[in-house]
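This report refers to the structure that appears directly beneath it.
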Protein chains: 2
Amino acid sequence: MKNKEIQEERMRGYFIDATKELLKGEGLKSISVRNIADRAGYSYATLYNYFKDIKDLVFECVKDFQDECTDYIQSETAQSSRGIAKIEAITETYLKYFVQYPGIFELFFLECLFDLSEKQTTVEMINSFLDRLCSNEWNYCIQENLITIEESETKKSALQITTAGLLLFYLNRRHPDSYMEFLTLARKQVRRILM
Amino acid sequence: MKNKEIQEERMRGYFIDATKELLKGEGLKSISVRNIADRAGYSYATLYNYFKDIKDLVFECVKDFQDECTDYIQSETAQSSRGIAKIEAITETYLKYFVQYPGIFELFFLECLFDLSEKQTTVEMINSFLDRLCSNEWNYCIQENLITIEESETKKSALQITTAGLLLFYLNRRHPDSYMEFLTLARKQVRRILM
DNA sequence: TAATATAATTAACAATGTTAATTTTACCAA
DNA sequence: TTGGTAAAATTAACATTGTTAATTATATTA
């Protein structure tokens, strides 16, 4: 019964793709069972044959978005010189990605998801995302004795917290009120951490 | 027609009190027109005689919570020595307040509110809250030449962003997974900013 | 006390997530 | 090719949201 699995996975893909399009376009507020099913070309109840509930479906998108974001960052920071400079570039591109897709920021950081503790792996994936993006460069800095392990842990943590805070204020509270100001502020705060 | 105004303000108070109780107790998820009206002792439609919509009502609570939080912080940090040490104490107490009432954190930072731009004053109140709590101490530090104005602005901003980020991860993503770890992390990051 | 204005309530609507009942489709043996 | 059965998809239905309209109850005033 291999066909069965292929078809089932394909169906899941249709709903996941529809959800991703909506999230990237209209954001979380446009996500509804009927909206997703419409876009996927099926009735709303069909969705429940492939996903436990709508949260289950929405969080299936996390990995795909992380992969996309990772690719984007790698292409944008390919020629940065290794070490702290590259961490700075990665962080800035990371911020730009979420500014481009506020709906993905909402999904990653705002959407509440501890109803089911089975989502723990997804939560972990989100929490460690920036660390994973930078891990090569942190290891490089440590090997080159540019930083101690303990310092690197503190700075990793500061970057994670600061990027989330920056995006929260900019995307959710319109502060600062222009993209240029946001970028200036972000660069200043990121440099303050990494220097 | 002064009685009219008194009565109207009293009615608004009933609904606001009910909303505040729900927010402090069950959090934002428990907020609904019918839930609030039940607790206030009126029918759900009566609410619309006193508030444009439910968001209008919910954001009426912001000022009250800020006042409460301000009192709490003042009583908890009264005997801290002035300057950076007091800013540190204020920030820690500020974090503790929101940990105690996650629903208030949701209201202040997570709830989306730029449908109507008339809420701009509320947004400003939220964005500048921590700055206002610390403004006396920052001014003290500047007057005593302990810090430059520019440094103080950068650090204010860092505190604002970092506290929101810390709370976002702890309250919304269970990271770190214990209160003690959260406090340790928060203290370390706040000190890193203020040192 | 009767007429009118005001306030409060119930009814109703549209949109949400979810489950049950029903219809349609796919498959396989005769 | 045709029936019968299993699977999948759809419609119906329900409970819960926010909000508005229609209706009832209450106050005020002449």
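Reminder, nothing fancy here: chain letters follow the sequence lines and each chain counts from 1. Below, each value reflects all heavy atoms present in this structure, side chains not excepted, and no hydrogens, waters or symmetry copies.
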(request) Please state how far atom CG in A:N49 lies from atom C1' in D:dA7, giving the value in whole angstrom units. (result) 9 Å
(message) Counting C-beta onward and ignoring hydrogens, is there a side-chain heavy-atom pair between B:L130 and B:C134 closer than 4.5 Å?
(response) yes
(request) Report the distance from atom CD of B:Q7 to atom C1' of D:dT28, rounded to the nearest whole Å. (result) 12 Å
(message) With the threshold set at under 4.0 Å for non-hydrogen atoms, list the residues of residues 13-30 of chain A touching DNA chain D in residue-number order.
(response) none
Can you give the donor-acceptor pairs under 3.5 Å from side chains of residues 149-156 of chain B to other protein atoms, not counting sequence neighbours?
residue: B:E151; atom: OE1; partner: B:T148; partner atom: N; Å: 3.3
residue: B:S152; atom: OG; partner: B:I149; partner atom: O; Å: 2.7
residue: B:E153; atom: OE2; partner: B:K156; partner atom: NZ; Å: 3.2
residue: B:T154; atom: OG1; partner: B:E150; partner atom: O; Å: 3.2
residue: B:K155; atom: NZ; partner: B:I193; partner atom: O; Å: 2.7
residue: B:K155; atom: NZ; partner: B:M195; partner atom: O; Å: 3.2

(request) To the nearest Å, give me how far apart CZ (B:R12) and C1' (C:dA7) are. (result) 16 Å
(request) Among residues two or more places apart or on two chains, list those pairs meeting salt bridge (Lys or Arg N to Asp or Glu O under 4.0 Å) that have a residue in residues 92-102 of chain A. (result) A:E92-A:K96, A:E92-A:R187
(message) According to ring-ring contact (aromatic ring centres under 6.0 Å, His included), does anything in residues 60-82 of chain A pair up with another residue at least two apart or in another chain? List the pairs.
(response) none
(message) B:T19 and side chain to side chain contact (heavy atoms under 4.5 Å, CB included): which single residue from B:D64, B:L107, B:I31, B:L47 fits?
(response) B:I31
(message) With a cut-off of less than 4.0 Å, is there a side-chain N or O of B:T46 near OP1 or OP2 of C:dT9?
(response) yes
(request) Give the C-alpha distance, both sets of side-chain angles, the deciding distance and a yes or no for side-chain contact (heavy atoms from CB on, under 4.5 Å) between A:E111 and A:F59. (result) CA-CA 10 Å; A:E111 179 73 344; A:F59 281 104; 3.6 Å; yes
(request) Looking at every strand, decide which applies to B:Y50 at a 4.0 Å heavy-atom threshold: base, sugar-phosphate, or nothing. (result) sugar-phosphate
(message) Between C1' on C:dT16 and CG on A:D38, what's the gap in Å once rounded to a whole number?
(response) 14 Å
(request) Answer yes if the ring centres of B:F108 and B:F98 are under 6.0 angstrom apart, and no otherwise. (result) yes
(request) Provide the closest heavy-atom pair for B:L110 versus A:R173 in the form atom of the first, atom of the second, distance. (result) N-NH2, 3.8 Å
(request) Indicate for each nucleotide in nucleotides 13-25 of chain D, in 5' to 3' sequence, whether protein heavy atoms under 4.0 Å reach the base (B), only the sugar-phosphate (S), or nothing (-). (result) B---SBBBB----
(request) Could you check if a side-chain atom of A:D56 sits within less than 4.5 angstrom of a side-chain atom of A:K119, using non-hydrogen atoms only? (result) yes
(message) I want to know whether B:F105 and B:Y101 have ring centres closer than 6.0 Å.
(response) no
(message) Rounding to 10°, can you tell me the angle the first-five-pair axis of the helix from C:dT1-D:dA30 to C:dA30-D:dT1 makes with its last-five-pair axis?
(response) 30°
(request) Find out whether A:Q100 and A:K24 are in side-chain contact, i.e. whether some heavy atom of one side chain is under 4.5 Å from a heavy atom of the other. (result) no
(request) To the nearest Å, give me how far apart CD (B:E8) and C1' (C:dT6) are. (result) 11 Å
